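Heads up, the thing below is written out as structure tokens.
Note that the structure is a prediction, hence the values are computed from the model and not measured.
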There are 2 protein chains.
Amino acid sequence: MSAHRSGKLPSRPASVRERIDQTAYELFSRHGIRAVGVDTISARSGVAKMTLYRHYPSKEDLAFAFLRRREELWTRSWLQQEVERRAQAPAERLLAVFDVFDKWFRRSDFEGCSFLKVLLEHDDRGHPVRKAAEAHIKTIRAFLRRLAKDAGVRDAHAFARQMQMVMMGSIVAAYAGDRDAARRARELGSLLLARAGIGTGKGGRS
Amino acid sequence: MSAHRSGKLPSRPASVRERIDQTAYELFSRHGIRAVGVDTISARSGVAKMTLYRHYPSKEDLAFAFLRRREELWTRSWLQQEVERRAQAPAERLLAVFDVFDKWFRRSDFEGCSFLKVLLEHDDRGHPVRKAAEAHIKTIRAFLRRLAKDAGVRDAHAFARQMQMVMMGSIVAAYAGDRDAARRARELGSLLLARAGIGTGKGGRS
DNA sequence: ACGGGTGTATACAGGTCTGTATAGTATACG
DNA sequence: CGTATACTATACAGACCTGTATACACCCGT
């Protein structure tokens with residue numbers, strides 16, 4: 001509010017704000033929002049609770065910040081970057097999603113998808129945090145729709161919906177213990193592409 | 001424990017046990033296990049808390065009973081019955097799953113899948129309640145595998161895994177607001193069947 | 001008639017949670 | 001120096017949670 005805010009230097013030795021955000025991200029993404037208390041975030045970040053509450057007036061605000069960060073780190077910097085790095089052609093990028101997922105699912109610290117966890121842990125359809133999670137899911141779908149359009153898929157909207165359905169299904173399947181969920185999902189993606197008349201040169205069959 | 005148990009008369013005016021089970025089922029399936037307190041179940045069922053704790057020594061036991069009931073009412077008496085009622089041929093029964101889901105998703109009181117909710121709300125991989133939920137998911141998969149085998153699918157195991165992946169994806173998609181999730185999922189199911197060389201006479205294309 | 005099992009009502013112990021109150025420290029800037 | 005600002009430390013209010021303790025009522029078989 002004063003003067004020196006939002007300008008340049010990000011405060012070299014990890015600003016208090018950053019420590020809060022990092023810690024909240026780690027704990028929320030691993031255990032969900034409900035399961036993590038503000039005291040825990042305070043303790044683990046080394047930031048006093050009062051300070052924490054000055055930066056985020058309520059736990060809900062902390063949740064919003066977490067979801068924003070998740071979109072930035074997971075959706076944009078990780079999923080999209082990796083997909084675009086692994087393939088050039090849009091159709092192949094759509095399939096590359098599952099190659100990225102495969103590495104993800106096999107990580108020993110695989111903790112599931114935070115957006116799905118947050119979505120499912122709020123049963124109230126109108127809860128702002130749930131709606132925020134839905135919005136982030138929609139952002140991912142927009143990415144898929146873009147790829148589908150570029151690949152020449154006729155009904156990119158429906159395609160993206162089905163693609164995301166397979167993605168979410170694979171995440172849940174992996175969470176339930178199927179280590180090969182991504183490979184199976186890739187086959188489904190191939191079938192979708194084939195039906196749309198898009199060839200990738202590297203189909204889903206063995 | 002005494003003598004008159006587990007024999008015949010189900011105690012006409014709804015036994016205490018039944019009132020507990022029914023109430024726990026309603027509340028747990030709608031809001032999840034974590035979100036519902038024992039006091040709430042006691043109040044809503046009209047059964048004193050002490051009585052409740054005599055029937056179920058801990059909330060965890062109540063959770064197990066709930067999951068058992070969910071399998072009985074949802075999986076067996078509803079999903080399987082409906083599927084078998086709607087089609088005769090195994091291949092068509094596999095697709096009928098999504099017709100049943102369609103009606104489910106469009107119910108105004110659609111509350112998502114309890115097995116998935118319980119699965120996702122326990123991050124500890126070894127938690128007994130989570131493992132119970134995983135077991136119930138496996139039961140559903142066994143049903144799918146049976147249908148696939150009867151339909152002549154070569155690798156019924158992999159097929160059932162993919163089928164269930166689509167089912168779970170559609171449930172999450174519906175939960176996230178896609179009213180047409182079941183219709184989209186049905187198309188994916190059709191593609192899977194077609195690839196397996198199984199024709200249904202009523203394909204997934206328009 | 002009496003004792004045991006079953007259910008009720010209420011209170012409470014001990015824990016967790018969010019959010020606040022209060023007092024003190026440190027640093028930067030006039 | 002003096003003062004504002006950021007941060008710390010601790011305590012606490014008030015709510016909710018699981019599980020138990022206690023005292024009471026009812027019914028049923030012997």
Sub-4.0 Å heavy-atom contacts from residues 30-47 of chain A onto DNA chain D, ordered by number: A:Gly46, A:Val47
Which residues pass the side-chain hydrogen bond (donor to acceptor under 3.5 Å, both in side chains) test with A:Gln22, not counting sequence neighbours? A:Glu18
Figure out the OH/C1' separation between A:Tyr53 and D:dC7, and round it to whole Å. 17 Å
Would you mind telling me which of D:dT8, C:dG19, C:dG7 lies closest to the side-chain atoms of A:Arg19? D:dT8
Selection residues 130-175 of chain B - residue pairs positive for ring pair (Phe, Tyr, Trp, His ring centres under 6.0 Å), sequence neighbours left out: B:Phe115-B:His136
Output the residues of residues 57-65 of chain A in contact with DNA chain D, where contact means a heavy atom of the residue under 4.0 Å from an atom of the strand; sort by number or write none. none
Going by number, which of residues 115-126 of chain A have a non-hydrogen atom under 4.0 Å from DNA chain D? none
Between B:His55 and C:dG7, does any side-chain N or O lie under 4.0 Å from OP1 or OP2? yes
5' to 3', nucleotides 22-29 of chain C under a 4.0 Å protein heavy-atom cut-off (B base, S sugar-phosphate only, - none) gives B-------
Kindly check if the number of other-residue, nucleotide or ligand heavy atoms within 6.0 Å of CZ (B:Arg146) is above 12? no
With sequence neighbours excluded, tell me which residues meet side-chain hydrogen bond (donor to acceptor under 3.5 Å, both in side chains) with B:Thr51. none
side-chain hydrogen bond (donor to acceptor under 3.5 Å, both in side chains) with B:Ser29: which residues, sequence neighbours excluded? none
Of the listed nucleotides D:dC7, C:dG19, C:dA9, the one nearest the side chain of A:Arg54: D:dC7
Separation of D:dT20 C1' from B:Leu52 CG (nearest whole Å): 14 Å
Kindly compute the distance separating CD1 (B:Ile41) from CG (B:Leu62), expressed to the nearest 0.5 Å. 4.5 Å
Can you run down the salt bridge (Lys or Arg N to Asp or Glu O under 4.0 Å) pairs that involve residues 135-144 of chain B, sequence neighbours left out, and say none if there aren't any? none
Which residue pairs pass the salt bridge (Lys or Arg N to Asp or Glu O under 4.0 Å) test with at least one member in residues 42-66 of chain A, sequence neighbours excluded? A:Asp39-A:Lys49
Contacts satisfying ring pair (Phe, Tyr, Trp, His ring centres under 6.0 Å) that involve residues 60-97 of chain B (not counting sequence neighbours) are B:Tyr25-B:Phe66, B:Phe28-B:Phe66, B:Trp74-B:Trp78, B:Trp74-B:Trp104, B:Trp78-B:Trp104
Atom-pair distance (NZ on A:Lys49; P on D:dA13), nearest Å: 14 Å
Donor-acceptor under 3.5 Å (B:Thr23 side chain, B:Arg19 main chain): yes
Ignoring hydrogens and angles, tell me if any N or O in the side chain of A:Arg184 forms a donor-acceptor pair with the backbone of B:Gln162 under 3.5 Å. no
Kindly give the heavy-atom pair with the smallest separation between B:Thr200 and B:Ala91, and that separation in Å. CG2-CB, 4.0 Å
Output all residues satisfying side-chain hydrogen bond (donor to acceptor under 3.5 Å, both in side chains) with B:His127, sequence neighbours left out; order by chain, then residue number. none
Does D:dA6 have OP1 or OP2 under 4.0 Å away from a side-chain N or O of A:Thr51? no
